[in-house]
Amino acid sequence: QVTLVESGGGLVPAGGSLRLSCAASGRTVSNYALGWFRQAPGKEREIVAAISWSGTNTDYADSVKGRFTISRDNAKNTVYLQMNSLKPEDTAVYYCAAVTPYYTTTLYYRRQDYDSWGQGTQVTVSS
């Protein structure tokens, strides 16, 4: 399994931006399809964004479409989540996750699809 470490979280005012990074070690991130999830207090962990192994396909939760962008840099062994126009409801712990895909263009949406997880990074958006 690959080891994932998130960074880039913090406290930001509403309307601000953050870029989360997820650095992989142990195995190259180019072997995996990737996703970003988040979990707010008292809520279930939910998918935020997903990117295929090839990088050609991406998808987003309706709540973040047009504001968040997932990307991958295989040369740096890192996946990113650019978050713009942040809202207080975006406050959560954000996790990156990896899965060995069956096909190069497949996106994975379910928590149980992923078999490697980072430890999470806190994002707090103040109103």
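Starting from 1, each residue takes its place in the sequence as its number. Because the structure is a prediction, the values reported are computed rather than measured.
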*State whether Phe37 and Arg111 meet the cation-pi test: NZ (Lys) or CZ (Arg) under 6.0 Å from the six-membered ring centroid, and within 45° of the perpendicular axis.*
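Not flagged: Arg111 not positioned over aromatic ring of Phe37.
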If you round to the nearest 0.5 Å, how far is [atom2] of [Y] from [atom1] of [X]?
X      : Y     : atom1 : atom2 : result
Tyr94  : Trp36 : OH    : CH2   : 10.0 Å
Lys65  : Tyr60 : NZ    : OH    : 10.0 Å
Leu20  : Tyr80 : CG    : OH    : 12.0 Å
Tyr114 : Tyr95 : OH    : OH    : 15.5 Å
Ile51  : Asn57 : CD1   : CG    : 9.0 Å
Tyr32  : Asn74 : OH    : CG    : 12.0 Å

_Once disulfide (SG to SG under 2.5 Å) is applied, what residue pairs with a partner in residues 16-125 remain, sequence neighbours excluded?_
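Listed by first then second residue: Cys22-Cys96.
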Identify the two heavy atoms, one from [X] and one from [Y], that lie closest to each other, and give their separation to 0.1 Å.
X      : Y      : result
Val123 : Leu18  : CG1-CD1, 3.9 Å
Ser127 : Ala14  : CA-CB, 4.4 Å
Ser25  : Val2   : O-CG2, 3.4 Å
Ser17  : Gln82  : CB-NE2, 4.0 Å
Leu4   : Gln119 : O-OE1, 3.7 Å
Val99  : Asp115 : CA-OD1, 3.9 Å

_Non-neighbouring partners of Asp113 that pass salt bridge (charged side-chain N to carboxylate O under 4.0 Å, His left out), sequence neighbours left out_ =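 Once residues adjacent in sequence are excluded, the partners of Asp113 under the salt bridge (charged side-chain N to carboxylate O under 4.0 Å, His left out) criterion are Arg110.
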*Please list, chain by chain and in numerical order, all residues satisfying salt bridge (charged side-chain N to carboxylate O under 4.0 Å, His left out) with Arg38, sequence neighbours excluded.*
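Arg38 satisfies salt bridge (charged side-chain N to carboxylate O under 4.0 Å, His left out) with Glu46, Asp90 once adjacent residues are dropped.
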Within the distance-only criterion (no hydrogens, no angle test), does the side chain of [X] pair as donor or acceptor with the backbone N or O of [Y] below 3.5 angstrom?
X      : Y      : result
Thr121 : Gly9   : yes
Thr56  : Ser54  : no
Ser52  : Gly55  : yes
Arg72  : Leu34  : no
Thr91  : Val125 : yes

With a cut-off of 6.0 Å (strictly less than), are more than 12 heavy atoms of other residues, nucleotides or ligands near [atom1] of [X]?
X     : atom1 : answer
Glu44 : CD    : no
Lys43 : NZ    : no
Arg67 : CZ    : yes

*Is it true that Val93 and Leu81 fall in one hydrophobic cluster, defined by side-chain heavy atoms closer than 4.5 Å?*
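As far as the 4.5 Å side-chain criterion goes, Leu81 and Val93 are not connected within one cluster.
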*Are Val29 and Trp117 connected in a single hydrophobic cluster, I mean Ile/Leu/Val/Met/Phe/Trp/Tyr linked by side-chain heavy atoms less than 4.5 Å apart?*
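No, it is not one cluster - the side chains of Trp117 and Val29 are not joined through contacts under 4.5 Å.
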_side chain to side chain contact (heavy atoms under 4.5 Å, CB included) between Trp53 and Thr105, intermediate numbers included_ = CA-CA 6 Å; Trp53 175 89; Thr105 56; over 6 Å; no
